[in-house]
Amino acid sequence: MYQIKGDMHTHTLYSRHAYSTIQENVTAAAEQGLEMLGSADHFGDMLFTERDIRTFQFFLNVGIWPRRWKGVALFRACEADILTLRGDLYGQDTPSPVSIVGRAYKKDRSLFDRVTDNLDYVVASVHNAGFTEGASTVQATEMYLRALEQPKVFIIGHPGRSGVTFDIDEVLKHAKELHKLIELNEHSLNSDPHGAHQKACRKVAERCAELGVGVTLSTDAHICTDVGRFPVLTSFLEEIHFPQELIVNRSLEAFVGELAASGVADLRDEMLGAGSETTDLGRDSLDQES
Ligand SMILES: [Zn+2]
Ligand SMILES: [Zn+2]
């Protein structure tokens, strides 16, 4: 039996094809005995055709989410689409000149930078592998290596389900060097019990075990009833004798420690200090001047 204390990639109804509120997800996490939850709604063309900050303002105000809610440490994240073989993420090439109220920003910054400013980490995933068509394995590998190096990226989302053929060892080793995580995704397995994803996921998990690469187990829940439930993933990991110590979401301390070691965010004081039910009012994100 594995100790899993967090589900670091879940969706709220903001993701449009998902159905629960943040409160329902937090409640479900508490009921499942989790000590932390990561909310990572989609940030990509999947949601809205318009690449405008107004359509993505959901992410701007997450500073008002309690850091601890019903005893659960709550992480603010997004799942950004990888869109190019250079590992570029959604919104990075998109200018974002005006705020949600139509006021001109003083500084030129991308939509990606504005949206992820108040987030703790980014899960980088491929959802439409169309742009990789005709790419070599070397190029596809480069894509993941560069995505891993992005300063906000902490997790490579469901690599076994991306439909991209890449050099697994190279990507895993680089993740380890950077203290970043490879995701093992419950949804990849239960949506495809005997298919190609299953095989790719097994390979990724086996190599993580052999190379000593930190992973995060995620449900990728799109409804609160799935939060914190990993039946297929855990029995599969037991089958291959996956080591517990590589599961970085085994405890809040382990996850926050690795997040700090990666340089993505240092939340050790905020998350591990005396827990409070207060709201983080320090970041006035909606009224950002920059
Ligand atoms: Zn995804
Ligand atoms: Zn997802």
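Note that ligands are numbered from 1 as they come in the structure, with each ligand's atoms numbered from 1 the same way.
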**Study point:** Criterion side chain to side chain donor-acceptor pair (under 3.5 Å) on H158 and H9, from CA distance to verdict
**Key:** CA-CA 10 Å; H158 48 72; H9 172 181; 5.5 Å; no
Review point. Under 2.8 Å from the Zn ion (ligand 2), is there an N/O/S atom belonging to H11?
Key: yes
**Study point:** Under-2.8 Å neighbours of the Zn ion (ligand 1), protein N/O/S atoms only
**Key:** 3
Point to revise | Basic-acidic side-chain contact under 4.0 Å: K152, D113 | key: no
Check your understanding: Can we say D41 and R76 salt-bridge, meaning some charged N sits less than 4.0 Å from an Asp/Glu carboxylate O?
Key -> no
Review point. Using the ring of each side chain (for Trp, its six-membered ring), is F75 parallel, tilted or perpendicular to F255, with breaks at 30° and 60°?
Key: perpendicular
Practice item. Assert yes or no for the condition that the ring centre distance of F48 to F56 is strictly below 6.0 Å. Key: yes
**Study point:** Listed partners of R250 passing side chain to side chain donor-acceptor pair (under 3.5 Å), at least two apart
**Key:** none
